[in-house]
Amino acid sequence: MKDTRLANDFFEMVFAVVRLIPEGRATSYGAIARYLGSGSSARTVGWAMNASHNVLPWVPAHRVVNRLGVLSGKAHFQPPEAMQKRLHNEGVEVINDQIQHWERVFWDPSKELLL
DNA sequence: ATGCTGACGTCGC
DNA sequence: CGCGACGCCAGCA
């Protein structure tokens, strides 16, 4: 078999983790990257989200924000306001593209899944 | 094939 | 305390 490397699986793993995010919660790119063991590849996680639009089952990319709880990737949604609207619809308070009570909403896979 | 960019994060100066 | 650079992986010119 080819050395699929973690590359191909990286996207898949990212999607899997994002899909595990419970409703009303959110996580950060770095948290996911760290959970996958790539720590520094947070950028690639965001890149995976870009590809998540065409992935099934649906990937709640709107639950993934930067470590500051800011909807940095809202501009990539359609429409961009959908991200905030969706989060708010799930009970997440978002003001000025920033999640309120971020530490409370934050969902760390390496912490929640590592039970 | 090479280089730059991109939905980030951490370290250094 | 503020700004800059590097690292990581994949896509595109």
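Numbers restart at 1 for each chain; the letters A, B, ... are given by sequence-line order, proteins then strands.
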Q. Mapping His62(A) and Arg34(A) to their closest nucleotides on DNA chain B, which lands nearer the 5' end?
A.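 The answer here is His62(A).
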Whole Å only: how far is the [atom1] atom of [X] from the [atom2] atom of [N]?
X: Met49(A); N: dG6(B); atom1: CE; atom2: P; answer: 19 Å
X: Arg67(A); N: dG9(B); atom1: CZ; atom2: P; answer: 7 Å
X: Asn66(A); N: dC8(C); atom1: CG; atom2: P; answer: 21 Å
X: Phe10(A); N: dC8(B); atom1: CZ; atom2: C1'; answer: 11 Å
X: Ile32(A); N: dC8(B); atom1: CD1; atom2: P; answer: 12 Å
X: Tyr35(A); N: dC8(C); atom1: OH; atom2: P; answer: 22 Å
X: Asn50(A); N: dC12(C); atom1: CG; atom2: P; answer: 9 Å
X: His76(A); N: dT5(B); atom1: NE2; atom2: P; answer: 15 Å

For [Y], does its backbone N or O pair with a side-chain atom of [X] as donor and acceptor, under 3.5 Å?
X: Trp107(A); Y: Arg63(A); value: no
X: Asn96(A); Y: Gln98(A); value: no
X: Arg19(A); Y: Val14(A); value: no

Minimum-distance nucleotide (side-chain atoms of [X] versus [options]):
X: Ser52(A); options: dA7(B), dG9(B), dC8(C); value: dA7(B)
X: Thr44(A); options: dC9(C), dT10(B), dA7(B); value: dC9(C)
X: Trp47(A); options: dG11(C), dC8(C), dA7(B); value: dG11(C)

Q.
Would you say Val70(A) ends up clustered with Leu87(A) if hydrophobic residues are merged whenever their side chains have heavy atoms under 4.5 Å apart, either directly or through other cluster members?
A.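 Cluster IDs for Leu87(A) and Val70(A) differ.
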Q. Hey, does the side-chain of Arg43(A) have a donor or acceptor N/O within less than 3.5 Å of a partner on the base of dG9(B)?
A.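 For Arg43(A), whose side chain was compared with the base of dG9(B), there is no donor-acceptor pair (under 3.5 Å).
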Q) Is the shortest side-chain N/O distance from Ser72(A) to OP1 or OP2 of dC8(B) below 4.0 Å? A)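 It does, given that an N or O in the side chain of Ser72(A) lies less than 4.0 Å from OP1 or OP2 of dC8(B).
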(Q) Say we look at dA7(B) and dG2(C): how far apart would their C1' atoms be, to the nearest angstrom? (A)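 Roughly 24 Å separates the two C1' atoms.
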Q: Would you check, one step at a time, whether the test side-chain hydrogen bond (donor to acceptor under 3.5 Å, both in side chains) holds for Glu90(A) with His62(A)?
A: CA-CA 11 Å; Glu90(A) 294 181 357; His62(A) 63 278; 3.0 Å; yes
